[in-house]
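Taking it in order: structure first as C-alpha cells, then the write-up.
So that the names make sense, note that chain A is the first sequence line, chain B the second, and so on, each numbered from 1. Because the structure is a prediction, the values reported are computed rather than measured.
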Number of protein chains: 4
Amino acid sequence: MLVRAKTFTESGRRAQIVEAAIEVIAEVGYAKASFTRIAKHAGLSSTGMISYHFAGKDDLLAVCVAEIERVTGAFMQPRIDAAEGHVAQLRAYVEANVALVGEHPAAVRALIDIVKNRAARSAAVDGRLALFEEHFRAGQAAGVFRPFDARTAAIALTTGLDAVVVTAATDPPGPAELARIGRELADLYVRATAPEAEGGTR
Amino acid sequence: MLVRAKTFTESGRRAQIVEAAIEVIAEVGYAKASFTRIAKHAGLSSTGMISYHFAGKDDLLAVCVAEIERVTGAFMQPRIDAAEGHVAQLRAYVEANVALVGEHPAAVRALIDIVKNRAARSAAVDGRLALFEEHFRAGQAAGVFRPFDARTAAIALTTGLDAVVVTAATDPPGPAELARIGRELADLYVRATAPEAEGGTR
Amino acid sequence: MLVRAKTFTESGRRAQIVEAAIEVIAEVGYAKASFTRIAKHAGLSSTGMISYHFAGKDDLLAVCVAEIERVTGAFMQPRIDAAEGHVAQLRAYVEANVALVGEHPAAVRALIDIVKNRAARSAAVDGRLALFEEHFRAGQAAGVFRPFDARTAAIALTTGLDAVVVTAATDPPGPAELARIGRELADLYVRATAPEAEGGTR
Amino acid sequence: MLVRAKTFTESGRRAQIVEAAIEVIAEVGYAKASFTRIAKHAGLSSTGMISYHFAGKDDLLAVCVAEIERVTGAFMQPRIDAAEGHVAQLRAYVEANVALVGEHPAAVRALIDIVKNRAARSAAVDGRLALFEEHFRAGQAAGVFRPFDARTAAIALTTGLDAVVVTAATDPPGPAELARIGRELADLYVRATAPEAEGGTR
DNA sequence: AATGAATGAGGGTTCATTCAT
DNA sequence: CATGAATGAACCCTCATTCAT
C-alpha cells in the first residue's frame with residue numbers, strides 16, 4: 001500500500017482527543033465529561049484545541065461513537081459471522097459483547113453511557129435495535145424463535161445486555177468469568193425466545 | 001391510628017417542590033433539571049427556596065425517589081402480593097410495572113432517569129436488584145426456576161424491564177396495549193427462567 | 001400617589017446595570033461592551049449577576065434603548081410639541097436633539113451606537129425613520145415642503161443628524177455652541193426641504 | 001509607463017485575501033468578519049495565512065479600505081471632474097456615489113461598515129470630511145454656497161449620503177432607480193447649501 | 001419560614017495571533 | 001513562501017449554593 005488513506009479519526013491530535021474523551025467518559029461519566037476535563041486528560045493546554053479539531057461537543061461525541069464501533073465491530077463481527085443459524089448468532093452476539101469487556105472495558109462503558117445520554121438517538125442504538133428486531137422476525141419466520149413481540153423483546157434484551165456489560169466493565173473480571181457470564185446471559189436469551197415445548201409454560 | 005404522622009415529604013412547600021422536580025425531570029430529563037427550572041415549574045420565585053428545604057441536589061433527588069417509590073409501590077405491591085408462587089410473582093411484578101406507565105408516566109420516567117444518572121447508586125436500584133436476585137435464588141431452591149446465575153439474570157431483566165417501561169412511558173399507549181406489552185415481557189422472562197422441559201432446552 | 005408603580009428599569013440593581021451598560025457603551029463602543037466590562041463598571045463581582053437580572057445581552061440592550069428613549073423623550077418631546085407647523089417642528093426636533101447632547105451625552109452616544117450595530121433593527125430607529133417620512137409627506141400635502149422623495153430624505157437627514165449629535169457628544173461643547181450647531185443643522189434641513197422660491201434652484 | 005509597478009495590494013495571495021475580506025464584511029458585517037470566516041471564504045485552510053501576509057487585523061482592514069477607495073475612486077473621480085463649479089461638483093459627487101452602488105455594492109457596503117466601526121478613524125473618512133468642508137468653504141468664498149457652518153454641514157451630508165448608499169446597497173435597485181435616488185439626494189443637498197433666494201426661508 | 005440577590009466556578013465556543021515545520 | 005496546530009484570553013451563559021434580611 002503506497003498511499004495510506006487518512007481516516008477521519010487520525011491526524012494525531014484528533015485521535016488523541018477522541019481517545020482522551022472516551023477514557024474520560026468511561027471514568028467520570030457522560031454528564032461530567034467536560035471539554036476542560038478531556039483537554040486536561042489529553043495533555044492539552046486549552047479547550048480551544050478541541051473546538052479547533054471538532055465542530056462542537058456533538059461532533060466529538062459522534063466521532064467517539066464511530067471510533068468505538070469501529071474497534072468493537074472488529075472484535076465482535078468475526079465471532080458473529082462464525083455462527084450459523086439465528087439462535088447461534090444470537091448467542092454469539094451476546095457472548096462476544098460480554099467478552100468484549102475484557103478487551104476494551106473503557107470503550108464499552110463509554111459507548112453505553114454516550115448512547116444512554118444523547119438527546120439525539122444515534123444511528124448506533126437505533127441500528128442495533130432494528131437489527132435485533134429484524135433478526136427476531138427472521139428467526140420467527142424460520143421457526144427457530146417463538147412468535148413473541150419482536151420489538152418489545154429487542155428493547156428488553158439489548159438493554160439488559162448493556163447493563164450486564166456495564167456492570168462487568170466497571171470492574172472487569174478475568175476472561176473465564178466473562179465467558180461464564182456471557183454464556184449465562186445467552187442461555188437466558190435463547191430460552192426466552194425458544195419455540196414452545198410440548199407442554200407450554202403457563 | 002387516629003392522627004396521621006406528617007411524613008417527611010409533606011409540609012406543603014416540600015411536597016410542592018418534590019412534585020415539580022419529578023415533573024421537570026420527566027419532561028426535560030435529569031441532565032437539564034436545574035434548580036432554576038424546577039423553581040420556575042413550581043411557581044417559586046427563586047431557587048433559594050429549594051436549597052432552604054433540601055440539603056442539596058442529592059437530597060432533593062433522594063426524596064423524589066422515595067416519593068415515587070411510595071406512589072408506585074402503592075400501585076404495584078397489591079398486584080404482586082395477589083400472586084402466588086415465585087413464577088406468578090415474577091410475572092405479576094413485570095406486568096404491574098408496565099401497567100404502572102398508564103397511571104404515573106411522569107413518575108416512572110423520572111425515576112428511571114434519576115437512577116440511571118446518579119453517581120451514588122440509590123438504595124432503590126440496589127434494593128430491587130437484590131430483591132430480584134433473592135427471588136430467583138428462592139425460586140431456584142423451590143425448583144420453579146432453573147439454576148441460572150441469579151445476579152446476571154437480575155441485572156439483565158430489571159434493566160430490560162426499565163427500558164421497556166421508559167419506551168412505553170415516552171408516549172403512553174392505552175391500557176390494553178400496555179397489558180399486552182406487559183404480558184409479552186413477562187412471557188419472555190418466565191421462559192428465560194423456567195426449568196428445563198424434558199427434552200433439553202427446547 | 002400611594003403606591004408607586006415599579007417600572008421595569010427599577011429594582012436597584014437592574015437600574016444600576018442599565019446605567020453602567022449605557023456608560024460603557026458610550027465609552028468603549030458597542031462592540032467592546034462585554035458583560036465583563038459592564039459588570040466591572042457597575043461594581044459587580046461577576047457577569048453572572050447581569051445574566052441573573054436580564055434574559056440575555058439582547059434583553060439588556062433593549063432595556064438600555066428603552067431607558068434612553070424614556071430619558072431623551074422627556075427632554076425632546078415638550079420642545080417639539082411647543083412648535084407649530086411642520087417646518088417649525090422639523091426645526092424643533094433637530095435643535096432639541098442637538099441640545100440633548102448637553103444633558104445626556106453618554107445616553108445619546110450609546111443609543112446611536114446600539115442602533116447602528118444591532119442586527120435586529122429596533123422599533124426605535126425604524127420608528128423615527130417612519131416618523132420623519134410621514135412628517136415630510138404630511139408637510140408636502142400641506143404645501144410647506146416641496147415634493148421631494150420623502151424616504152430618501154428621511155434616511156439622509158436622520159442619519160446626518162445622528163452624526164452631528166455623535167460628533168458633538170464625543171467632546172460636548174457648551175450650551176451656546178450646541179444651540180448654534182442645532183440652528184445650523186436645522187437651517188440646512190429646512191432649506192433642503194423648503195418649497196421652490198420663485199427663481200428655482202438649478 | 002511601460003512596466004506597471006506592483007502595488008502593495010497585489011502579489012496574488014494578498015489580493016485574494018483582501019477581496020475575500022471585502023466580500024465577507026459586506027455579507028456578514030464588520031463585527032462578524034473574523035479571520036476564520038475570511039480564510040474560509042478565500043479557500044484558505046488556515047488563518048495563519050492571513051497573519052502571515054498582514055501585520056494584523058487593522059492592517060488588513062486598512063488595505064481593504066485602500067483597495068475599495070482605489071476601485072471606487074476610479075468610478076467616481078471622472079464623473080466629479082467632468083462637473084464644473086462647486087455646486088455641480090457637489091451634485092456630481094452625490095450622484096456618482098449613489099450610482100456606484102450599481103457597480104460595486106459589496107465594496108460600498110464594506111467600506112462604510114469598516115469606517116463606521118473602526119476605533120481609529122481612517123484617513124479615508126477624515127479625508128472626505130475635510131474635502132467636503134474645504135469644498136463648502138471654497139464655494140462660500142465664490143458666493144455659490146450660502147454662509148453655513150461648513151463643518152456641521154460636512155458631517156451631516158457625508159453621513160446622510162452614506163446612509164442612503166448603504167440602504168440602496170442592501171438590496172440594489174436598477175440603474176434608473178439609483179439615478180433617481182442620486183438626483184433626489186443631490187437636490188436636497190444643493191438646496192440645503194444654496195444662497196438665499198430673495199425672500200429668505202424663515 | 002421565606003425571600004431573592006449575590007457568588008464564583010464552570011460550561012462550550014470564538015477569537016487574533018504565534019511558531020515550528 | 002506556506003502550513004496548520006497550538007495558544008490563551010475573552011465571550012455569554014448556567015449552575016448549585018449562600019446569606020442578609
Would the distance check show the side chain of C:Asp113 and the main-chain N or O of C:Arg109 forming a donor-acceptor pair, the cut-off being under 3.5 Å?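 No, C:Asp113 side chain to C:Arg109 backbone: no donor-acceptor pair under 3.5 Å.
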
On DNA chain E, nearest-nucleotide positions of D:Gly56 versus A:Lys57: which is more 5'?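 The residue mapped nearer the 5' terminus is A:Lys57.
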
For A:Met49 and for C:Gly48, locate the closest nucleotide of DNA chain E by heavy-atom distance; then report the residue assigned to the nucleotide nearer the 5' terminus.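 The residue whose closest nucleotide sits nearer the 5' end is C:Gly48.
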
What is the distance, rounded to the nearest whole Å, between atom [atom1] of [X] and atom [atom2] of [N]?
{"X": "A:Ile50", "N": "E:dG12", "atom1": "CD1", "atom2": "C1'", "result": "10 Å"}
{"X": "B:Lys32", "N": "F:dA16", "atom1": "NZ", "atom2": "C1'", "result": "17 Å"}
{"X": "C:Ile38", "N": "F:dC12", "atom1": "CD1", "atom2": "P", "result": "8 Å"}
{"X": "D:Arg14", "N": "F:dA2", "atom1": "CZ", "atom2": "C1'", "result": "15 Å"}
{"X": "D:Ile17", "N": "F:dC1", "atom1": "CD1", "atom2": "P", "result": "12 Å"}
{"X": "A:Tyr52", "N": "E:dC15", "atom1": "OH", "atom2": "C1'", "result": "14 Å"}
{"X": "C:Leu60", "N": "F:dC11", "atom1": "CG", "atom2": "C1'", "result": "15 Å"}

Does the side chain of [X] get closer than 4.0 angstrom to OP1 or OP2 of [N] through an N or O atom?
{"X": "C:Ser45", "N": "E:dG8", "value": "yes"}
{"X": "D:Arg37", "N": "E:dC15", "value": "yes"}
{"X": "B:His53", "N": "E:dA2", "value": "yes"}
{"X": "D:Arg13", "N": "F:dC1", "value": "no"}

Minimum heavy-atom distance [X]-[Y], with the two atoms named:
{"X": "C:Ala110", "Y": "C:Ile22", "answer": "CB-O, 3.6 Å"}
{"X": "A:Phe35", "Y": "A:Ser51", "answer": "CE2-OG, 3.8 Å"}
{"X": "B:Ala169", "Y": "B:Pro105", "answer": "CB-O, 4.1 Å"}

Using only heavy-atom distances, decide whether a donor-acceptor pair under 3.5 angstrom links the side-chain of C:Thr47 to the base of F:dC11.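 Side chain to base: no pair below 3.5 Å.
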
From CA spacing to verdict: side chain to side chain contact (heavy atoms under 4.5 Å, CB included), B:Met49, B:His53: CA-CA 6 Å; B:Met49 196 69 265; B:His53 281 288; 3.2 Å; yes

With nearest nucleotides of DNA chain F determined for C:Ser34 and A:Ser46 from heavy-atom distances, which residue corresponds to the more 5′ nucleotide?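 In this pair, the answer is A:Ser46.
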
Mapping B:Ala31 and A:Leu44 to their closest nucleotides on DNA chain F, which lands nearer the 5' end?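 Result: A:Leu44.
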
Side chain of D:Ser51: nearest nucleotide among E:dT18, F:dC15, F:dC13?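 Within the option list, the nearest is E:dT18.
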
Distance from [X] atom [atom1] to [Y] atom [atom2], nearest 0.5 Å?
{"X": "C:Ile38", "Y": "C:Leu44", "atom1": "CD1", "atom2": "CG", "answer": "10.5 Å"}
{"X": "D:Cys64", "Y": "D:Phe54", "atom1": "SG", "atom2": "CZ", "answer": "7.0 Å"}
{"X": "A:Glu19", "Y": "A:His41", "atom1": "CD", "atom2": "NE2", "answer": "7.5 Å"}

Which dot-bracket string describes DNA chain F (Watson-Crick N1-N3 plus N6-O4 or O6-N4, or G-U N1-O2 and O6-N3, all under 3.5 Å; [ ] crossing; | other strand)? .||||||||||||||||||||

Tell me what B:Phe35 touches on the nucleic acid: a base, only sugar-phosphate, or nothing, going by heavy atoms under 4.0 Å.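 Base contact - B:Phe35 has a heavy atom under 4.0 Å of at least one base atom.
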
